[in-house]
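Okay, structure first, notes after.
Reckoned from all heavy atoms, side chains included, excluding hydrogens, waters and symmetry mates. The first residue of the sequence shown is numbered 1, and numbering continues consecutively from there. Both counts, for ligands and for their atoms, begin at 1 and track the order of listing.
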Amino acid sequence: MHGNKSSLRLEGIFHRSRLALEECRDRPIVIGMKKWIFLLFVGLTSYGFYKILIHPMKLYVATGNPHKITEFKRLMALHGVDFPVLFGGDYGGMPEVDENGDSYEANAQLKVEGLEAKIGEGRWIVAEDSGLEVSALSGDPGIYSARFGGKIPQTERNQLLLSRLSNSSDRSARFICCYCLKSPDGKLYFFRGVCEGTILAAPQGGQGFGYDPVFQPNGEQRSFAVMSDEQKDRISHRAMAFNALLRFLKKP
Ligand code: ITT
């Protein structure tokens, strides 16, 4: 992955710094300003090479959902993410994963492991599992949100949800998003985001995806599907989880 030229240049820098350090060892106290500057330069350059060439932080996003990719990219742009991020098309497509976990965390981890089996270990991989939990339905559809009602179009799925709630006065619900991140040394980290709201009496708006037209976040007078991207990205479950993920990744 790293070119010979870069390795040679690095070798040269390390060699010169070794010589400079050996000289300093003989005369530890008397060291001229020029040498301090040289050592500082060597240190910074080596660190730069290490960061850019030897250990570039590259994040693989394990999802096959184009809407999630769009939102992830928007959130990256909003937060000025400055490391390379790879999506399905960049690594030959997200493999099929049997999402049979009993929690968002478990399913997100299964997706991470599904992609890891394809691209190999030792990478930064993140996956997300999300869903809509409706109080009057005891938290359903929850982790089964993508499959609620079977293989039907999302508009029918939304209608099905509304019909299940037709006699219910409790319309409270929440979107949950959980990211699972695997680091190159094999550790797993989880980040959750929640957005509380209510289920509307009828679908509203044509933006967004999934259950957006029937979900109105608390403190708003319109559904997610009426809001602009920027408005959704300020309060959504995905934005909350993304913020936590990014805080972790940016930690020195
Ligand atoms: P991947 O597993 O490939 O990531 P998926 O669509 O299968 O994509 P999930 O298993 O996490 O994703 O299913 C989550 C479902 O919850 C999703 O298909 C939507 O119906 C719904 N959902 C999640 N976030 C949403 C959002 O921001 N707006 C509307 N619906 C959302």
Under 3.5 Å: N/O of [X] near N/O of ligand 1:
{"X": "Lys68", "result": "yes"}
{"X": "Gly64", "result": "yes"}
{"X": "Glu71", "result": "no"}

Run the numbers for me: atoms of ligand 1, each under 4.0 Å from some heavy atom of [X], listed by number.
{"X": "Asp129", "value": "9 (P), 10 (O), 11 (O)"}
{"X": "His237", "value": "24 (N), 25 (C), 26 (C), 27 (O)"}
{"X": "Ser145", "value": "15 (C), 16 (O)"}
{"X": "Glu99", "value": "2 (O), 7 (O), 10 (O)"}
{"X": "Lys232", "value": "26 (C), 27 (O), 28 (N)"}

Should the ring pair Phe248 and Trp124 be called parallel, tilted or perpendicular, given that the plane angle runs from 0 to 90° and is split at 30 and 60?
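Rings of Phe248 and Trp124: perpendicular, over 60°.
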Once the angle between the rings of Phe242 and Tyr179 is folded into 0 to 90°, is it parallel (under 30°), tilted (30 to 60°) or perpendicular (over 60°)?
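Judged by the thresholds at 30° and 60°, the geometry between Phe242 and Tyr179 is perpendicular.
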Ligand 1 contact by [X], heavy-atom criterion under 4.0 angstrom:
{"X": "Leu132", "answer": "no"}
{"X": "Tyr211", "answer": "yes"}
{"X": "Lys111", "answer": "yes"}
{"X": "Arg147", "answer": "no"}
{"X": "Arg157", "answer": "no"}

Same apolar cluster: [X] and [Y], side chain cutoff 4.5 Å:
{"X": "Val112", "Y": "Val126", "value": "no"}
{"X": "Leu132", "Y": "Tyr104", "value": "no"}
{"X": "Tyr144", "Y": "Val194", "value": "yes"}

Record the part of Phe175 in heavy-atom contact with ligand 1 below 4.0 Å; permitted values are side chain, backbone, both and neither.
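The answer is the side chain.
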Heavy atoms only, cut-off 4.0 Å: how does Met94 contact ligand 1, side chain, backbone, both, or neither?
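Looking at Met94 and ligand 1, no heavy atom falls under 4.0 Å.
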Under 4.0 Å between a side-chain nitrogen and a carboxylate oxygen: does that hold for [X] and [Y]?
{"X": "Glu230", "Y": "Arg74", "answer": "no"}
{"X": "Glu128", "Y": "Arg238", "answer": "yes"}
{"X": "Asp212", "Y": "Lys232", "answer": "yes"}

Do the side chains of Lys68 and Phe72 get nearer than 4.5 Å, heavy atoms only?
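They are not in side-chain contact.
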Identify whether NZ of Lys or CZ of Arg in Lys182 sits under 6.0 Å from the centre of the six-membered ring of Tyr189 and within 45° of that ring's axis.
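Checked: cation-pi criterion not met.
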